[in-house]
Amino acid sequence: MKSLRTRITEVLTPAPNYKLLRFAGDEPIPARPGEFVMVRGEWGVHPVLPRAFSLVECGEFGSILVKPIGEGTTLLADMQVGDVLTVFGPLGKGYDLDNAGRRPILVAGGVGVAPLLYLAREFHAAGTRCVFIYGGRTEDDLPLADEIAEIADLVVTTENGARGEKGRVTAPLARLLDEDSNTIVYSCGPDGMLHAVSDVSQAVGIPCQLALEAPMACGMGTCKGCAVMGTDGTYKYVCYDGPVFEAAEIFEAAS
Amino acid sequence: MSARLQAPLGALTLDNPYINASGTYGYAVEYAGFVDVARLGGVSVKGISLEPRPGNMPPRTAETAAGMLNSIGLANIGIEAFVRDTMPRLRELGVTVIANTFATSVEDFVELAKRFDGVEGIAALELNISCPNVHAGGMHFGVSGEAAGEVTSAVRAVTSLPLMVKLSPEAGDICEVARAVEAAGADVITMINTIRGMVIDVDRRRPMLGQKMGGMSGPALKPLAVRMLYEVYQQVSIPIIGMGGIGSLRDSLEFFMAGASAVQVGTANYAEPGISLRLADELDAWLAERDLVLTDIIGVAQDPA
């Protein structure tokens, strides 16, 4: 783990309401797909906490995908090339890339695309072709879809039907799992989507790894703020038991 | 660390006056290899109870203007696991350990103190009589002089460790509580713990936190903490450790000048886990530039103009 003072080297707008911030420090932060970093700009005492982000890219520069939701993410989304970003990490437990010969099916919603694009690139580099199901409310909620199409079999869904299949990610997911049981599911997105992906996967007994999102203070297991109740009746901490969990650790199989 | 940073706290002298506050730094072992934890003035570990505690229903944190609320509920591994598993690692790392303890009865505070007495590598015991986040317990000791004095003297009778008592800003008269714990044998006063606040999630029309209320910390708390410390300093002669929103050298100087012999850094650790070491280095340079030592500035703001 490192704490780096970095500078923003590039700000991209991969969709109307999303920013991709690339930053570089003296050394890279060696995060694996699904691991995360804590990020804060030099904005004084408010907001006081850093924000947790999975890395989209990791190497001589790192990058995060930002959607302005609250005050912290809005400040981050407004940052410019040259601005200072304090980044520490890598933190947490990422995806297990050992797919044991199973075909990876990646399922993303919204900013949940960030760790999965990184994961798809790792599979691609290892010569494994993934299916990538990517859902958004509209065609404007699909940042980085073109990058995905270059390296994976992209299946897009939108709730308004403006791009790809009309509806949600679970419909193509259920079809794919029905066609091929030698598969493994990796997902990241809103809670409701993760729950649905878990239901579909657990119903047919396909292994499924989910990356959860939670507001965090410390990011490293010390403040005990990011608790979620696990299916075994004990609290799990998103920052160090996760953020990636086996679906069955978090969601009961649908009855 | 240079000698000018030494912070005398009665029988205990810290190498520098920046302690990481309980609840914001885990057991310190999590930061080893990332922060030079042996150089920290001290670490007040996450509050330890007799039995492990799972903590409160989430959500447990909410951000507020220049601060945050937490209602963690003292999730901790319990004294047995702490002494058996964590202390050996802390000794190996050379951390100055302040054992922060939490209980809901005098008997349990006494039991915790007995079990910590004689554990190698504990620099001091800190009684958390001011946690706002646990039902039926904790804070009621900190809001009355009588109850605070009772628990302090009971613990004093069974421990040979330097005894710190952490006060609550929710006391009607914090000076009364401070005088009571001093009279009962406390060696050091730590102040202040968080003060209860609430955030409403207007979309859900419900309190944001699972427990509705949470302890507020962070920069927004600082003027309140400095004022209370300034007042308490006039009423007791034992050393005081100040805390509440410290995130810069100047913040900490305010506490020293109000009368703090040392300070604790809490919420600021989340944004910068090594902040206490940075502040110690900055204080060292600030003192050197003025040819001062830390003890020269403690309480100087109390002097008549």
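Order of the sequence lines sets the chain letters (A, B, ...), proteins ahead of strands, with each chain counted from 1. These values consider heavy atoms only, across backbone and side chains, with no hydrogens, waters or symmetry-generated copies.
Of the N and O atoms on the side chains of Tyr27(B) and Thr222(A), not one donor lies less than 3.5 Å from an acceptor on the other residue.
The cationic group of Arg60(B) lies under 6.0 Å from the six-membered ring centre of Tyr235(A) and within 45° of the ring axis, placing it in a cation-pi geometry.
Separation of atoms NZ (Lys224(A)) and CG (Asn76(B)) is listed at 9.0 Å; rounding is to 0.5 Å. One distance of note links OH of Tyr25(B) with CE of Met220(A); it measures 7.5 Å at 0.5 Å rounding. The distance from atom OH of Tyr31(B) to atom CE of Met1(A), rounded to the nearest 0.5 Å, is 8.0 Å. Note that SG of Cys223(A) and CE of Met68(B) are 6.5 Å apart. Values are rounded to the nearest 0.5 Å.
No part of Arg5(A) comes within reach of chain B, as not one of its non-hydrogen atoms sits under 4.5 angstrom from that chain. Within the 4.5 angstrom heavy-atom criterion, atoms from both the backbone and the side chain of Pro54(B) approach chain A. Using a 4.5 Å cut-off between heavy atoms, Glu63(B) contacts chain A through its side chain alone, with no backbone atom that close. Contact annotation for Thr64(B): only backbone heavy atoms (N, CA, C, O) come within less than 4.5 Å of a heavy atom of chain A.
The nearest pair of heavy atoms linking Tyr237(A) to Ala75(B) is OH-CB, 3.9 Å.
Contacts with chain A were tallied for Ala268(B), Pro273(B), Gly274(B); Pro273(B) has the most, counting heavy-atom pairs under 4.5 Å. Most heavy-atom pairs under 4.5 Å with chain B, from the set Cys226(A), Ala217(A), Ala227(A), Gly70(A): that is Ala217(A).
More than 12 heavy atoms of other shown residues, nucleotides or ligands fall within 6.0 angstrom of atom CZ in Arg204(B). With a 6.0 Å radius and a threshold of 12 heavy atoms from other residues, nucleotides or ligands, Glu10(A) has its CD atom above the threshold. Summarising the local packing, CD of Glu60(A) is surrounded by 12 or fewer heavy atoms from other residues, nucleotides or ligands at distances under 6.0 Å. Atom CD of Glu254(B) is surrounded by more than 12 heavy atoms from other residues, nucleotides or ligands within 6.0 Å. Within a 6.0 Å radius of CZ in Arg168(A), no more than 12 heavy atoms belonging to other residues, nucleotides or ligands are found. Heavy atoms of other residues, nucleotides or ligands lying less than 6.0 angstrom from CZ of Arg91(B) number more than 12.
Side-chain contact check for Pro219(B) versus Val48(A): some heavy-atom pair is nearer than 4.5 Å.
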